[in-house]
Amino acid sequence: MPNISRAARQLAHVCAQKYRERERLRAAKREFDRFRALTGIDTPWERYCAAYAAIRCDVREYFYFQFYQRTREVGDTFLTTRRRDCFVHRIGDDETGNCTAPGNKILFNMLFGEFLGREWLNPTAVTPEEFAAFVKKHGRVLIKPAGDGCGHGVHAYRYEGWKAALERHAELLGKNVLAEQMPAQHPRMDLLNPHCLNTARVTTYTDRDDVHILLASLRSAKDTRVVDNFSAGGIAMAIDLRTGALTSDAIDGALRSFSEHPLTKTPLRGFALPDWPEALEMVRRAARKIYGMPRCRFLGWDVAFLATGPAILEVNWRAGCGEQMPHEKGIYYELEALGRKR
């Protein structure tokens, strides 16, 4: 009887695995057809299945990293979400949620004020009058969820009188949000898009010996929106780490390519970011500081180029993989080598 029971459990387990795999394939095929319609790229389903078998890329990554036209050797250099999650688990970085400084903007701002270059406050921690005075002083502020990313919930709030500001404070009281000054960006960055802070995502891995800067990409909004996040409809461009110049056309979520900024028509390739050496040095100092906290090694830093110099907007734990998108190759093997270092 025990043998029969064990065999039944094994059979049920195998059947459940097969069912889950069928459901995964059905969902992936629906997503594949959606991306193919969105991008107009005629690539066969079988080619995606081969890429998935080789490096476990999801459908989004198959299109975003252009695996349909890359050689297998080049495609294999890209860090996919599954590869990243395995790496983060292996090195012991935070996997839990937005409870640490990289995942919570309020905590980060409290601990890393020297890198911010702007004023901010937590509406829940101040009086209604203090909040109203802050908004009046700056005229227009950004309201941000403290524990979310990808530009979700970020919006501008303009001062429209003392009473309205007091009412707005009451709406924000007790919520996990912060209000930030909207600082003036460097005039050179206004040539790209003057309506948002055009920011660089700088990906780092820190160990006891060094801060390793692996990759940098610039983001910008295509229109007059205040957020530049790629997931919010923005564009991304590759940055040369050595010079701070853009080395690619822009690309958006529909895989459309732009040699000029869609809004301002500024040529992109060769566009030089201001204060680039200072920006990288700032990231190195911040990464070394946060390394002193538990589980903060592989991170993505959002850097703005302000009129007063470079500043850090936020840092992201479990850094995203999408920053590789405008680049010719990925960071997987470089990151793996660093993770094996003792």
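In this structure, F78 has its ring center no closer than 6.0 Å to that of Y332. Between F131 and H169, the distance from one ring center to the other falls under 6.0 angstrom. Between Y48 and Y62, the distance separating the two ring centers is shorter than 6.0 angstrom.
Side-chain atoms of H327 and S248 include no donor-acceptor pair closer than 3.5 Å. Judged purely by distance below 3.5 Å, without hydrogens or angles, the side chains of D207 and H212 pair a donor atom with an acceptor atom. For the residue pair N109/E314, the side-chain donor-acceptor check at 3.5 Å is not satisfied. Between R297 and Y205, the side chains place a donor N or O and an acceptor N or O closer than 3.5 Å (distance only, hydrogens not considered). Between T81 and E61, the side chains place a donor N or O and an acceptor N or O closer than 3.5 Å (distance only, hydrogens not considered). H261 and S220 are linked by a side-chain donor-acceptor pair at a separation below 3.5 angstrom, with hydrogens and angles left out of the test.
Heavy atoms only, all atoms of each residue included: R295 and G92 are closest at NE-O, 3.1 Å. Across all non-hydrogen atoms, the minimal contact from V177 to P145 is CG1-CA, 4.0 Å. Closest non-hydrogen pair, L79 versus F65, comes out as O-CE1, 3.8 Å. Heavy atoms only, all atoms of each residue included: G174 and T124 are closest at N-OG1, 2.8 Å. For the pair L263 and D223, the tightest heavy-atom approach, listed with the atom from each and the gap, is CD2-O, 3.6 Å. Scanning both residues, I143 and A179, for their nearest heavy atoms gives CD1-CB, 3.8 Å.
In this structure, L178 is a member of the same hydrophobic cluster as M110, with clusters built from ILVMFWY side-chain heavy atoms closer than 4.5 Å. Both I239 and L280 are assigned to one and the same hydrophobic cluster, defined by single-linkage of ILVMFWY side chains at heavy-atom distances under 4.5 Å.
Atoms NZ and CD, on K329 and Q324 in that order, are 10.0 Å from each other to the nearest 0.5 Å. Distance check, rounded to the nearest 0.5 Å: CH2 of W276 to CG of L241 gives 6.0 Å. Distance check, rounded to the nearest 0.5 Å: CZ of R201 to CG of L215 gives 10.5 Å. In this structure, the separation between OG on S217 and CD1 on I235 is 12.0 Å, given to the nearest 0.5 Å. Atoms CD and OG1, on E73 and T77 in that order, are 10.5 Å from each other to the nearest 0.5 Å. Rounding to the nearest 0.5 Å places CE of M182 at 8.5 Å from CZ of R158.
Remark: D85 does not engage R90 in a salt bridge, criterion side-chain N to carboxylate O under 4.0 Å. Between R20 and E23 there is no salt bridge, since no side-chain N of the basic residue sits under 4.0 Å from a carboxylate O of the acidic one. Ion pairing of D210 with R284 is absent here, as no side-chain N (NZ or NE/NH1/NH2) approaches a carboxylate O to less than 4.0 Å. Note on R36 versus D33: salt bridge recorded, some NZ/NE/NH1/NH2 to OD/OE distance being below 4.0 Å.
With a 6.0 Å cutoff to the six-membered ring centre and a 45° limit on the axis angle, R34 does not count as a cation-pi contact of F32. Judged by a 6.0 Å distance limit and a 45° cone about the ring axis, R288 is positioned over the six-membered ring of Y291.
Formation of a donor-acceptor pair under 3.5 Å by the R225 side chain with backbone atoms of K222 is not found in this model. A donor-acceptor pair is defined here as one N or O able to donate and one able to accept, closer than 3.5 Å; such a pair exists between the side chain of D252 and the backbone of R256. Checked by atom type and distance alone, the side chain of R118 pairs as donor or acceptor with a backbone atom of L116 at under 3.5 Å. Between the side chain of Y64 and the main chain of F67, no donor-acceptor pair closer than 3.5 Å is present. Panel note: side chain E180, backbone V141; no donor-acceptor pair is recorded below 3.5 Å. Of the possible donor and acceptor atoms, none in the side chain of R56 sits under 3.5 Å from a partner among the backbone N and O of T80. For the pair T264 (side chain) and L192 (backbone), a donor-acceptor distance under 3.5 Å is present. Within the 3.5 Å criterion, the main-chain N or O of T127 finds a donor-acceptor partner in the side chain of E130.
More than 12 heavy atoms of other shown residues, nucleotides or ligands fall within 6.0 angstrom of atom CD in E336. Surrounding CZ of R72 are at most 12 heavy atoms belonging to other residues, nucleotides or ligands under 6.0 Å away. Within a 6.0 Å sphere centred on NZ of K29, other residues, nucleotides and ligands contribute more than 12 heavy atoms. With a 6.0 Å radius and a threshold of 12 heavy atoms from other residues, nucleotides or ligands, H155 has its NE2 atom above the threshold.
The shortest side-chain heavy-atom distance between L338 and L214 falls under the 4.5 Å cut-off. Contact of the I41 side chain with the L255 side chain is registered, since non-hydrogen atoms from C-beta on lie closer than 4.5 Å. No side-chain heavy atom of F271 sits less than 4.5 Å from a side-chain heavy atom of T247. The closest side-chain heavy-atom distance from F115 to R285 is below 4.5 Å. Taking the side chain as every heavy atom from C-beta outward, H138 and E119 approach each other to under 4.5 Å. The closest side-chain heavy-atom distance from F298 to R84 is below 4.5 Å. Using a 4.5 Å heavy-atom threshold, the side chains of D275 and H186 count as touching. When side chains are defined from C-beta on, Q66 counts as touching Y68, because their heavy atoms get closer than 4.5 Å.
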Residue pair L273, T243: steps toward the side-chain contact (heavy atoms from CB on, under 4.5 Å) verdict: CA-CA 9 Å; L273 303 179; T243 66; over 6 Å; no
Step-by-step side-chain contact (heavy atoms from CB on, under 4.5 Å) determination, T43 to F35: CA-CA 10 Å; T43 178; F35 264 96; over 6 Å; no
Criterion side-chain contact (heavy atoms from CB on, under 4.5 Å) on Y157 and R168, from CA distance to verdict: CA-CA 9 Å; Y157 173 63; R168 184 64 175 139; 3.6 Å; yes
I312 vs F108, side-chain contact (heavy atoms from CB on, under 4.5 Å): CA-CA, chis, key distance, verdict: CA-CA 10 Å; I312 294 176; F108 180 78; 3.8 Å; yes
Criterion side-chain hydrogen bond (donor to acceptor under 3.5 Å, both in side chains) on Y52 and D58, from CA distance to verdict: CA-CA 7 Å; Y52 175 81; D58 61 31; over 6 Å; no
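M189 pairs in a side-chain contact (heavy atoms from CB on, under 4.5 Å) with only one of the listed residues (L197, L306, L218, T199), which is L218.
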